[in-house]
J.: 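Handing you this structure, nothing more for now.
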Amino acid sequence: MDEEFFMRDAVAVAADLLGARLLVHDVGGVIVETEAYRQDDEASHSHRGPTRANAAMFGAPARAYVYRSYGLHFCFNIVCETGSAVLIRGLQPTHGLETMAQRRGLADPRRLCAGPGNLCKALGVTKLMDGMPILSPPFSLALAAEKPAIVSGPRIGISKAVDLAWRFAIEGSPYLSKPLRPAER
DNA sequence: CTCAGGATGATCT
DNA sequence: GATCATCCTGAGG
């Protein structure tokens, strides 16, 4: 796992991150759900070019892009090639379950890290981590030993570019924020 | 300076 | 499915 991995199309990285183990201060688990956002993407914060808020998306790859959502929650992304990033939407908790349960005020492992806001709360991710390299402490990222079976579908919570199937998940995972059904026919 | 609008989540119907 | 809590930022006057 090195910076090269992230110097690619965010859509490819989003798919390849599934099954990887993400920890923050030794708390976290296996990535089961991601979404890709690119600069040529109407739904992306980077679409209108660099600003103070999205500066991290235009910085070095393999760094965190953390923003506040709806005034209440944080969302955690990993920056890929310039102007693009992968939103981490769900983990299967494996490390520090007790800490997560305490931070979240519940114990159900299927809900602890389901959704970007919940995930950040469980892992203690805040705006302070915006721009930090995710290949060094307090972060830890290790790719999957074996590639899991994945599915893709439309992204969640956006109003533009809704037709792009840039949400990725491990097939059949019970840890998703919402079920993902492969495109219909 | 004002102000609308979110890459959400919990709760209620 | 609808509502709402609550905070910036970026856009426009």
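Given the structure is predicted, the values throughout are model-derived calculations rather than measurements. Scope of the values below: all heavy atoms of this structure, side chains included, with no hydrogens, waters or symmetry mates.
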J.: Under 4.0 Å between a side-chain nitrogen and a carboxylate oxygen: does that hold for A:R155 and A:D41?
T.: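 Salt bridge between A:R155 and A:D41, a charged N being under 4.0 Å from a carboxylate O: yes.
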J.: Taking the side chain of A:A53 as heavy atoms from C-beta outward, which of C:dC8, B:dA7, C:dT9 is closest to it?
T.: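 Comparing C:dC8, B:dA7, C:dT9 against the side chain of A:A53, the answer is C:dT9.
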J.: Nearest whole angstrom, please: distance from the P of B:dG6 to the CG of A:N54.
T.: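 It is 16 Å, rounded to the nearest whole Å.
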J.: Consider the side chain of A:Y65, meaning its heavy atoms from C-beta on, and name the nucleotide among B:dA7, B:dG9, C:dT9 that approaches it most closely.
T.: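 When the side chain of A:Y65 is considered, B:dA7 is the closest of B:dA7, B:dG9, C:dT9.
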J.: Mark yes when over 12 heavy atoms from residues, nucleotides or ligands other than A:D9 sit less than 6.0 Å from its CG; otherwise mark no.
T.: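 Yes, enclosed.
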J.: Within this structure, what is the CD-to-P distance between A:E33 and B:dT8, rounded to whole angstrom?
T.: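 One finds 11 Å between P of B:dT8 and CD of A:E33, rounded.
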J.: If pairs are Watson-Crick or G-U with both distances under 3.5 Å, what is the dot-bracket string of DNA chain C, marking crossing pairs with [ ] and pairs to another strand with |?
T.: |||||.||||||.
J.: What's the CE-P distance between A:M57 and C:dG10, to the nearest Å?
T.: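 It works out to 13 Å between those atoms.
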J.: Could you tell me whether A:R110 atom CZ has more than 12 heavy atoms of other residues or ligands within 6.0 Å of it?
T.: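 Counting neighbours around CZ of A:R110, 12 or fewer heavy atoms of other residues, nucleotides or ligands fall under 6.0 Å, so no.
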J.: Taking the six-membered ring for Trp, is the centroid-to-centroid distance between A:Y67 and A:F76 below 6.0 Å?
T.: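 Centroid separation for A:Y67 and A:F76: 6.0 Å or greater.
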J.: How long is the line joining CZ of A:R167 and P of B:dT8, in whole Å?
T.: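 To the nearest whole Å, that distance equals 11 Å.
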J.: Between A:D130 and A:R63 (salt bridge meaning N to carboxylate O under 4.0 Å), is one present in this structure?
T.: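 The answer is no: the pair does not qualify as a salt bridge.
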J.: A:I156 CD1 to B:dT8 P: how many Å, rounded?
T.: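 About 8 Å, once rounded to whole Å.
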J.: Given atom NE2 of A:H47 and atom P of C:dA11, what is their separation to the nearest angstrom?
T.: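 Atom-to-atom, A:H47 to C:dA11, this comes out as 12 Å.
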J.: The side chain of A:P116 is closest to which nucleotide in this list: B:dA7, B:dG9, C:dT9?
T.: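 When the side chain of A:P116 is considered, B:dG9 is the closest of B:dA7, B:dG9, C:dT9.
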J.: Using a 4.0 Å heavy-atom cut-off, does A:A43 contact any base of the nucleic acid, only the sugar-phosphate backbone, or nothing at all?
T.: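 Answer is base: heavy atoms of A:A43 come under 4.0 Å of a base.
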J.: Within this structure, what is the NE2-to-C1' distance between A:H45 and C:dT9, rounded to whole angstrom?
T.: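 Rounding to the nearest Å, NE2 of A:H45 and C1' of C:dT9 are 10 Å apart.
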J.: Hey, are A:E33 and A:R167 close enough for a salt bridge, meaning a charged N less than 4.0 Å from a carboxylate O?
T.: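 Looking at A:R167 together with A:E33, the answer is yes, because their closest N to O distance falls below 4.0 Å.
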J.: Quick check: on DNA chain B, is the nucleotide nearest A:K160 upstream (toward 5') of the one nearest A:R104, or the reverse? Name the residue that is more 5'.
T.: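 Per heavy-atom nearest nucleotide, the more 5' residue is A:K160.
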J.: So A:Y65 and A:H45, would you call those rings parallel, tilted or perpendicular, with 30° and 60° as cut-offs?
T.: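 Taking A:H45 first and then A:Y65, their aromatic rings stand perpendicular (interplane angle over 60°).
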J.: For A:R68, answer base if it contacts any base atom (sugar-phosphate contacts may also be present), sugar-phosphate if it contacts only those atoms, and nothing otherwise; contact means non-hydrogen atoms under 4.0 Å.
T.: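 Since only primed, P, OP1 and OP2 atoms lie under 4.0 Å of A:R68, the category is sugar-phosphate.
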J.: Looking at side-chain heavy atoms only, is the closest gap between A:L135 and A:M1 below 4.5 Å?
T.: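 They are in contact (side-chain heavy atoms under 4.5 Å apart), so the answer is yes.
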J.: Does CE belonging to A:M7 count more than 12 external heavy atoms closer than 6.0 Å?
T.: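 Open: at most 12 neighbouring heavy atoms sit under 6.0 Å from CE of A:M7.
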J.: Can you tell me which nucleotide in B:dG9, C:dA11, B:dA7 comes closest to the side chain of A:R48?
T.: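 Looking only at side-chain atoms, A:R48 lies closest to C:dA11.
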J.: Report the distance from atom OH of A:Y37 to atom C1' of B:dT8, rounded to the nearest whole Å.
T.: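 Whole-Å distance recorded here is 12 Å.
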J.: Above 12 or not: heavy atoms from other molecules or residues under 6.0 Å from CD of A:Q102?
T.: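 Atom CD in A:Q102 is not packed in, count stays at 12 or less.
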J.: Can you pull out the residues from residues 69-77 of chain A that lie within a 4.0 Å heavy-atom distance of DNA chain C?
T.: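 Contacting residues: A:Y70, A:G71, A:L72.
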